[in-house]
Each structure stands twice: as C-alpha cells, then as structure tokens.
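To start, the structure under review is shown below, and the notes come after it.
Letters A, B, ... are given to chains in the order of the sequence lines, protein chains preceding strands, and every chain is numbered from 1. All values derive from a computational prediction rather than experimental measurement.
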There are 2 protein chains.
Amino acid sequence: MNAIHPHRPAPRQGIVELLQAHDIVPTQQRVEIARWLFSEPRHLCAEQLIGLVGEAGCRVSKATVYNTLGLFVGRGLVRELIVDPERVFYDTSTHHHHHFFNVDTSELIDIPEEALAIAHLPEAPLGTETTGVQVIIRIRNSRQ
Amino acid sequence: MNAIHPHRPAPRQGIVELLQAHDIVPTQQRVEIARWLFSEPRHLCAEQLIGLVGEAGCRVSKATVYNTLGLFVGRGLVRELIVDPERVFYDTSTHHHHHFFNVDTSELIDIPEEALAIAHLPEAPLGTETTGVQVIIRIRNSRQ
DNA sequence: CTGCTTGCAAAGGCTTTGCAGAACA
DNA sequence: TGTTCTGCAAAGCCTTTGCAAGCAG
C-alpha cells in the first residue's frame, strides 16, 4: 500500500459539529480520525488512516480506528469501497459517483456521476431492495 | 457462507480439452476442480469449491484449490469478483455481464450485459489502460 | 455515577508460502 | 531424470473480539 500524501487535517470545530449532526458522540479519538478523513475528498484504507493519525502524534489504537470506521459507515458519513481483496477502502465523498481502480497501484480515482450514464437499471429481485449501485472500471499501468 | 447446491459435475473429457486449450496441464486435481466450476455458470468462492470437490470424494488440498483458481484466473478461464470483503468469488461466465450482490446472503445474481447499458464510458487516465468494467448492484432482503 | 469508549493482545478467517514427496513427460 | 505439481502445516494479513481501565455527560 502506497504512502498517502499527508495534508492539513480539518479544523476540530467543524468536525465536532459534523459528528454531532450524525448522532455520534465526538470523542477525542473520533474527532482526530475524522479530521483526516474529511479534510478533503479521498479514499483511504484503515492502515493509511492509522498512519496519518499516528504521524500527527495522536495515539489511537487500531481497534478504535476500525470501530470508528464501522460507526461512520453505519451513520452514512463514509462509504465502503470493496474493490481490492486485500483491504477495504473508505470513500469520504458521499455523493453518488463511480471509480477507476488501478490494480497496479491500488489507487482509486473518482468518476463523477454525470460522466457515466446507466440506462435501464434493472430492478432488484423480488423480496430484495437495492442499497447501492457501484461501477468500477479496473485499469492498470500501460504496458509499453 | 451458504452451502451450495451440488449438481452433476461436467464430464472429464470436455474439461481436459478445455484446460489444454488454455495451455493448462490437466492434472487430476485441476480436472476435478474444473468439473465443478464449469458444469454450469455459477459463482463460487474457494471454500465452496473445496466443499464440492471434497463431498464428491476427491481429496484436493486447500492450497491446490487456491493455486488452481489463481491459475485459471490468469488464463482467463474464470473471473475474480471482488464484492465481499470476506472472500473472493469466481465467476465461470466469461462473457461480459454484471451482478446483483445480496449483502444479506452473500449471493450473486447475473445481470445480462444487454439488460444494462452504460453510456459515455470514460477513458482510462493517461498512462493506464482499462482491463474491465464491473457494475455491482448491492441489494439486501426487504425489511418488511 | 453509569454507560459508552478505548486499548491491548489474542483470536479469527481467508489466502499464501515453504518445502518435501509425488506425478508427469 | 528433470520439471512441474501437490499437500501439509505454518505463516501472513486484515479485521474483529474480549475484557479491564478510562472518559463523557
């Protein structure tokens, strides 16, 4: 897994409000985790997030990071992306969009919703309901 | 993971030819594995395949099943489906199509290619090339 | 106070690996 | 006989869990 370019984490105040708006008690650890998740739209796996939070000097345990990510997913703050058998990615863009996934670099790139139209979306089978539509275009580095 | 309805495995002769046509030495174990994979279009994970082969009375080790699945993927006989963080599914339909994935039952259902049209497929970013397009419609059992 | 959170370490589940013996050409 | 393949067990990795101590309100 590649290192992630660390940038400035989001300010704490906005994060606290964001969490409260989603019925999440803003504990220290959750705020620190969320600051890195929501500073800008991005795709992170748990390991990368643990790295970012740790480098910033906050001691947050692995277990808490996983618990927190699960909590955020349940509350709709982030979306799970299942594209790589090795790890789960978390997408901080909650608006609907799709992805390129580079299998050589494990890198995800957004495809805006309007860049790709799906016609005739089939209905969910009887007794089921749709929870999400995901388009993944797998790419690899060009073999020259 | 649910049990898989065991049905009749494909006859050995056709399987041997299939493997040879793909430059795969048809060893006993590979043939037994392939008989269950290619008896009819289906989605199986490694564990289910191990169960099917084992119930049929053939002792094939876990390691060999994984090795064989990897080999078949590399030779284009089956496609990996990454839809569930818990396990990789293998799809024996090599023609292009899409999937419903029931997150409650971990069941995959085919969507024929013509049932779903994608307009304006974006081009792969510079320096990369597309290797596959995957549409996954996640469904769950209806909450009544 | 009382319940929710955290952290540690251990456990779990899927998959890969190392290596010796077996099969195949 | 030399190469490829298989099987076993162990290791690896990501993720979850159990439980005691800590924090929030």
Side-chain angles (χ1 to χ4, degrees), chain A residues 1-2 4 12 15-17 19-20 22-35 43-54 57-75 77-78 80-90 103 106, chain B residues 1-4 12 15-16 19-20 22-35 43-54 56-75 77-78 80-90 103 106 108:
Chain A
M1 192 70 267
N2 355 6
I4 273 295
R12 289 191 177 78
I15 292 294
V16 169
E17 288 161 10
L19 297 188
Q20 287 171 335
H22 287 260
D23 276 325
I24 296 172
V25 178
T27 65
Q28 284 185 33
Q29 291 86 339
R30 289 173 183 167
V31 171
E32 291 309 317
I33 291 168
R35 289 181 71 199
H43 313 100
L44 294 174
C45 63
E47 187 201 332
Q48 292 172 324
L49 191 52
I50 291 167
L52 284 174
V53 173
C58 307
R59 276 177 291 83
V60 178
S61 73
K62 199 176 283 201
T64 297
V65 171
Y66 278 104
N67 284 342
T68 301
L69 284 169
L71 179 67
F72 286 3
V73 169
R75 291 292 204 284
L77 276 169
V78 299
E80 271 181 327
L81 294 179
I82 317 295
V83 290
D84 185 338
E86 310 288 306
R87 72 204 111 236
V88 176
F89 283 96
Y90 296 88
V103 297
S106 293
Chain B
M1 191 70 269
N2 356 6
I4 273 295
R12 288 191 177 78
I15 292 295
V16 169
L19 297 187
Q20 287 171 335
H22 287 260
D23 275 324
I24 296 172
V25 177
T27 65
Q28 282 185 33
Q29 290 86 340
R30 288 173 183 167
V31 171
E32 291 309 316
I33 291 168
R35 289 181 70 198
H43 312 101
L44 293 173
C45 64
E47 188 201 332
Q48 292 172 323
L49 191 52
I50 292 167
L52 284 174
V53 173
C58 308
R59 275 178 290 81
V60 177
S61 73
K62 199 177 282 200
T64 296
V65 171
Y66 278 104
N67 285 341
T68 300
L69 284 170
L71 179 67
F72 287 2
V73 169
R75 292 292 205 283
L77 276 169
V78 299
E80 272 180 327
L81 293 179
I82 317 295
V83 290
D84 185 337
E86 311 288 306
R87 71 202 111 237
V88 176
F89 283 97
Y90 296 88
V103 297
S106 294
L108 280 158

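In terms of the salt bridge (Lys or Arg N to Asp or Glu O under 4.0 Å) criterion, A:R30 has no residue partners (sequence neighbours excluded).
Taking CZ of B:R59 as the reference point, atom CD of B:Q28 lies at 10.0 Å (rounded to 0.5 Å).
Surrounding CD of A:Q20 are more than 12 heavy atoms belonging to other residues, nucleotides or ligands, all under 6.0 Å away.
The side-chain heavy atoms of A:F89 and A:E80, taken from C-beta on, include no pair separated by under 4.5 Å. Between B:L69 and B:L49 there is a side-chain heavy-atom pair separated by less than 4.5 Å. Side-chain contact between A:S106 and A:R87 is present, with at least one heavy-atom pair separated by less than 4.5 Å. By the 4.5 Å heavy-atom criterion applied to side chains, A:N67 and A:L71 are not counted as neighbours.
Rounded to an integer number of Å, the gap from B:Q20 CD to C:dC24 P is 13 Å.
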Please write out the pairs of protein N or O atoms and N or O atoms of nucleotides 3-7 of chain C separated by less than 3.5 Å, giving the distance to one decimal.
| from | atom 1 | to | atom 2 | distance (Å) |
| --- | --- | --- | --- | --- |
| C:dT5 | OP1 | A:R30 | NH1 | 3.3 |
| C:dT5 | OP1 | A:R30 | NH2 | 3.4 |
| C:dT5 | O5' | A:R30 | NH2 | 3.0 |
| C:dT6 | OP1 | A:T27 | OG1 | 2.7 |
| C:dT6 | O3' | A:Q29 | NE2 | 2.8 |
| C:dG7 | OP1 | A:Q29 | NE2 | 3.3 |
| C:dG7 | OP1 | A:R59 | O | 3.1 |
| C:dG7 | OP2 | A:S61 | N | 3.0 |
| C:dG7 | OP2 | A:S61 | OG | 3.2 |
| C:dG7 | OP2 | A:T64 | OG1 | 2.7 |

- Query: Could you walk me through whether B:E47 and B:K62 pass the salt bridge (Lys or Arg N to Asp or Glu O under 4.0 Å) check?
  - Reply: CA-CA 8 Å; B:E47 188 201 332; B:K62 199 177 282 200; over 6 Å; no
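The nucleotide range of DNA chain D contacted by chain A, defined by atoms under 4.0 angstrom from heavy atoms of the protein and reported 5' to 3', is D:dC14 to D:dT17.
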